[in-house]
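This report concerns only the one structure given below.
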Amino acid sequence: MYDFAYHRPKSVADAIGLLKSKPEARAMSGGMTLIPTLKQRLARPSDVVDLGGVKELAGIKVEGNNVVVGGMTRHADVASSAEVKAAIPALAYLAGHIGDPQVRNRGTMGGSVANNDPAADYPGAVLALNATVSTNTRKIAADDFFKGLFETALGEGELITGISFPKAEKAAYVKFPNPASRYAMVGVFVAKTASGVRVAVTGAGATVFRVKAMEEALAKNFSSAAIKDIKIPADGLNSDIHGSAEYRAHLVGVMARRAVDAANK
Amino acid sequence: MTAATGIGARVLRTEDKRFLTGTGRYVDDLPLARATYAYFLRSPHAHAKIKSIDISAAAKMPGVVNIFTGKDLVDAKVGGLICGWTVKDKHGEPHKAPAHPVMAVDTVRYVGDTVAMIVANSHDEAKDAAEAIKVDYDVKPATIDLATALGKGAAEVHPEAPGNLIYDWEIGVKADVDAAFATAAHVTKLDLVNNRLIPNAMEPRAAAADYDKGTGNYTLWSTSQNPHVLRLILSAFVLGIPEHKLRVIAPDVGGGFGSKIFCYADETMVCWAASRVGRPIKWTAERSESFQTDCHGRDHVTHAELALDKDGKFLALKVETIANMGAYLSTFSTAVPTYLYATLLAGQYTTPLIYANVKAALTHTAPVDAYRGAGRPEATFVIESIVSKAAAEMKIDAAELRRKNFIPSTAFPYQTPVALQYDSGNYPPIIDEAMKIADYKGFEARRAEAKSRGKLRGIGFSSYIEACGLAPSQVVGSLGAGVGQWESAQIKFNPTGNVQVLTGAHSHGQGHETTFAQLIHDKLGVPMDQIEIIHGDTATTPFGMGSYGSRSLAVGGSAIMKAADKVIAKGKKIAAHLMEASVADVEFENGVFKVAGTDKNVPLGQVIFAAYVPHNYPHADTEPGMDENAFYDPANFVYPAGTQICELEIDPETGTTEIVAFTAIDDFGNIINPMIVEGQVHGGIVQGVGQALFEAAVYDNSTGQLISGSFMDYTMPRADNFPSFKLGYKVTPCPHNPLGVKGCGEAGAIASPAAVMNAVHNALAPVGVKHVEMPATPLNVWQSIQGAQRQAAE
């Protein structure tokens, strides 16, 4: 990797201050994407601002009907959280199936959501559960957050401080892993919350997206039979040596049905 | 000897203590004072002319010590890398031998071809400087796809090989085979691709070199499977450093699978540059360099036809193969798709007539050479796939068709129509045992139960033969090998009775330090902890050929046994003198010399002491000391054989395949350490299943970029892809080596691709799928099912 200056601030304010004063600085949460990128010399930040020392960003708490997960909360902590398991077991399950134990003990929810890798798992949960992303300056609804390939609504000097997930009546996440990387090739998060039924798909497209036709069908009848004839168009879906767009479109249907069945269990 | 630690005992591996506690010493661990670090600038293009290389800016970068390009090697008159096996084509002409410069001079021929070597005070500084080197490339069209490499209009890789053809080789008499086909009641035809693989040893290739200005001696540490052979190649062909002035050390090496047999540009450059730089040089490949530049394996396109009579007896086999050589001929590349492939096409069967034609083609891809099994997995895949296909077509049970054609146990030694003479074997009991363990009879019930869960269940056989324990020198010499294939051993006792056993074989995961010690313990009665196995250093070990082709025990172990015989013979003379008896009356058993029929005895330790402190000694006809050497050149290859049965389930909705049971019954001859053998079989099966279900080296056919260039895209098999394996053994001892052993290192990888793919085809037959290529990935299987459904609808 290229040389850079390393900072480990203790507060959000200090972190923002550093990021704003150094135009070529990069924030690092768990570093599970940034470090490999640096090692491959694919990024050349002047400064790396490690958020690992910002205690206020980590932790899980229940606020009314919502579970609020701090931006620096590690996947392993979400997976093992009694609060998350009680309120949204599907979210704990998802966190417990990201990457491998090393990644789960380093990677964070805020880092994953801010990076918005098309094959990441968390964006599916954020969108399907109609979560709200809090930053140091504002609150952003899930529908407004994910903008495109590795692109979000976050602005310069804006950090995810936490994500608030409404409790779900029913929810499940089923993914088809890429055989090599085991990232989600297609992951479908199905949730029935106070605001209705949502179906969010990760891995298949440039960014996470909702399948409105399935949501409408499931709102009427929350069973896999209700969506069995819904075909997903392959246009615009990802295609690579592991999965053509057509295959991914087909898998969206299969994973969605399996997720609904799992949510009904 | 004691059952706990001698031959046949499950002795825990001596070497594991250091490997499991992180105290192994690999090339990269070497502490070398004043070391510099090398980084290689590699071609980003599959095919380009180098118009110019400008190193001026890079040379001024911080920490840069020296930069070398191909032109420096030309100026220094450095030779090219060599291919060590001359294959004669069907007209008796030697294969085309294009030049293989250590670093590219005016043309780059694959993505990863070496362009410049940067030596700096640190790895990062060397890498920074590499980015500052300006290479002006004139990019040319590239030949990537093997299927079209020999066709008209394909871009030429080397002017020395017109049409990209290295050789057009054949074995067998085509007219006789054609005549047999004319009489056949049934002909089964098969087109298949044997997918290209990337070895991925856990430890990447690495090299370090030091030049002693005072003596003119070079020391090269290298991740080599055969340090003596590497030294010979570097000395005699490439660098011209006299053999006695070059010491090659291969310390702990973390896996090779064939990829560390060969002499590469990297260690050659590190060694050559050490004297020019005047400081030690270290280099360790990054993982992405391993993907791009380690020699790849397999990569065949094959058409095969099997002729059968009305009862299913094989009449003849015809095979046409195009084998990919990559952009340059690597060290043993030419032998792999010929003498290690076509000579195996009889398999376990009495097929009386076989004809094979192999065309070796150049492409603008990484060189292809031996990879675990080397030619024999490709042969087994052809035979076992076409036999199962014939069984399905003729509606004969797959096991029954095999049994009908097995070479009978009474026919050994058995001369095949493709040169090899099988020394021993007994195949029917192996398949019987495998079917019993796999509960073949209960399969249809299990298939029906799986169907009720929406799964397609299949079962597949693979009855393999292989020729390993390379090899009788006279035979390989007559076939074009540039070296002999014997092995060496030295047993060097110390005065206090402990022993150092030096071997020319090399362990890079195989557990020689344990298995070879068991041999000495069993034969000479020396306790295990008094035996040290030493390998991998040309300065200390006798010249040896190294480890590959499952040869270490059959050839290297036999050399150790020969040397041990010499120890006993000399020991008898000393013991006879000490016991005041006649040599003819002295017997040796369990570490003790005895006079037959008396209670007179003297333990080995006392004899050793007498040999080093020869105060009371038979000086007239016996030299002091106990240090015996042996060289062993085998009389034949060894022929392990076995049957594997794979049972799997396919989820037709996603195309995902899950292996639910895997049985392997092998005949490895006598077994020294069953635990180590099981480890070899487990690893081999996993590698073969990797080929069948997961692994594929994928190049972009237009640009020649390696798409599967990291673990993000190259699917390695993982532990959770496998059930627990069911293993068993049947033993027919090898009749021509002193241990009666065969080889076990490659068998698992040789047999398993066919077992898996036969099971895949068996599972998918009910939904109309005729053929699936390897790897049977979820996408591939799903597309095959979709294709069959479309065809059925039409």
Side-chain angles (χ1 to χ4, degrees), chain A residues 1-4 32-33 36-42 44 97 99-103 117-120 174-188 203-204 224 227-228 231 234 237-259 261, chain B residues 39 62-63 122-125 127-128 130-131 195 198 200 286-289 291 454 651-658 690 693-701 705-721 775-787 789-790:
Chain A
M1 59 180 75
Y2 300 111
D3 286 348
F4 53 82
M32 295 295 91
T33 299
T37 307
L38 294 176
K39 285 172 83 169
Q40 291 176 76
R41 298 188 160 207
L42 296 173
R44 192 169 199 166
H97 289 79
D100 50 41
Q102 288 84 350
V103 167
D117 188 311
V174 176
K175 74 172 154 182
F176 190 90
N178 175 308
S181 70
R182 299 210 175 170
Y183 271 89
M185 201 153 90
V186 169
V188 178
S224 57
I227 55 171
K228 73 175 176 17
K231 296 262 182 287
L237 295 190
N238 300 333
S239 185
D240 55 38
I241 59 173
H242 304 287
S244 61
E246 292 73 22
Y247 181 53
R248 280 184 163 86
H250 165 77
L251 286 177
V252 170
V254 178
M255 295 302 119
R257 293 195 294 276
R258 292 182 183 182
D261 287 342
Chain B
Y39 180 78
S122 72
H123 174 79
D124 275 352
E125 284 168 326
K127 217 168 163 176
D128 290 343
E131 290 177 8
N195 45 324
I198 298 175
N200 284 316
E286 296 182 0
R287 182 57 66 181
S288 46
E289 291 183 284
F291 272 97
D651 176 352
E653 271 199 320
T654 62
T656 307
T657 299
E658 184 196 357
L693 295 182
F694 306 113
E695 299 181 48
V698 182
Y699 281 99
D700 182 306
N701 270 344
Q705 297 297 326
L706 183 63
I707 298 172
S708 59
S710 81
F711 291 129
M712 291 292 282
D713 282 306
Y714 189 88
T715 312
M716 289 297 278
R718 302 189 195 183
D720 65 358
N721 296 126
T777 60
L779 170 67
N780 186 7
V781 169
W782 180 79
Q783 286 177 331
S784 301
I785 295 171
Q786 297 297 305
Q789 283 174 350
R790 266 198 305 277

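Per chain, numbering begins at 1; letters A, B, ... match sequence-line order.
A/Y247 has its side chain out of reach of B/Q786: every pair of non-hydrogen atoms, C-beta onward, lies at least 4.5 Å apart. Annotation: side chain of B/T656 is in contact with side chain of A/F176 (closest heavy-atom distance under 4.5 Å). Side-chain atoms of A/H242 and B/D713, non-hydrogen and from C-beta on, do get closer than 4.5 Å to each other. Within the 4.5 Å cutoff, side-chain heavy atoms of B/K127 are placed close to those of A/R41. A/M255 is listed as a side-chain neighbour of B/T654, based on a closest heavy-atom distance under 4.5 Å.
Note that CZ of B/R287 is 13.5 Å distant from CD of A/Q40, once rounded to the nearest 0.5 Å. One distance of note links CD of A/E246 with CH2 of B/W782; it measures 7.0 Å at 0.5 Å rounding.
Looking at B/M712, both its backbone and its side chain come within 4.5 Å of chain A, counting heavy atoms on both sides. Both the backbone and the side chain of A/I241 come within contact range of chain B, judged by heavy atoms closer than 4.5 Å. When heavy atoms are compared at a cutoff of 4.5 Å, B/D700 does not approach chain A at all. Only the side chain of A/N178 has a heavy atom closer than 4.5 Å to any heavy atom of chain B. With a 4.5 Å cut-off on non-hydrogen atoms, B/E131 touches chain A through its side chain but not through its backbone.
Summarising the geometry of A/S244 relative to B/L779, their closest heavy-atom pair is N-CD1, 3.7 Å, with the distance given to 0.1 Å. Across all their heavy atoms, B/R718 and A/A180 have their closest contact at NH2-O, 2.5 Å.
A/Y2 places no side-chain N or O within 3.5 Å of a backbone atom of B/D128 that could act as its donor or acceptor partner. The backbone N or O of B/E653 lies less than 3.5 Å from a partner atom in the side chain of A/H250, making a donor-acceptor pair.
Surrounding CG of A/D100 are more than 12 heavy atoms belonging to other residues, nucleotides or ligands, all under 6.0 Å away. Under a cut-off of 6.0 angstrom, the local environment of OH in B/Y714 is crowded, with over 12 non-hydrogen atoms contributed by other residues, nucleotides or ligands.
When each of B/V698, B/N721, B/T777, B/D124 is checked for heavy-atom pairs under 4.5 Å with chain A, B/D124 comes out on top.
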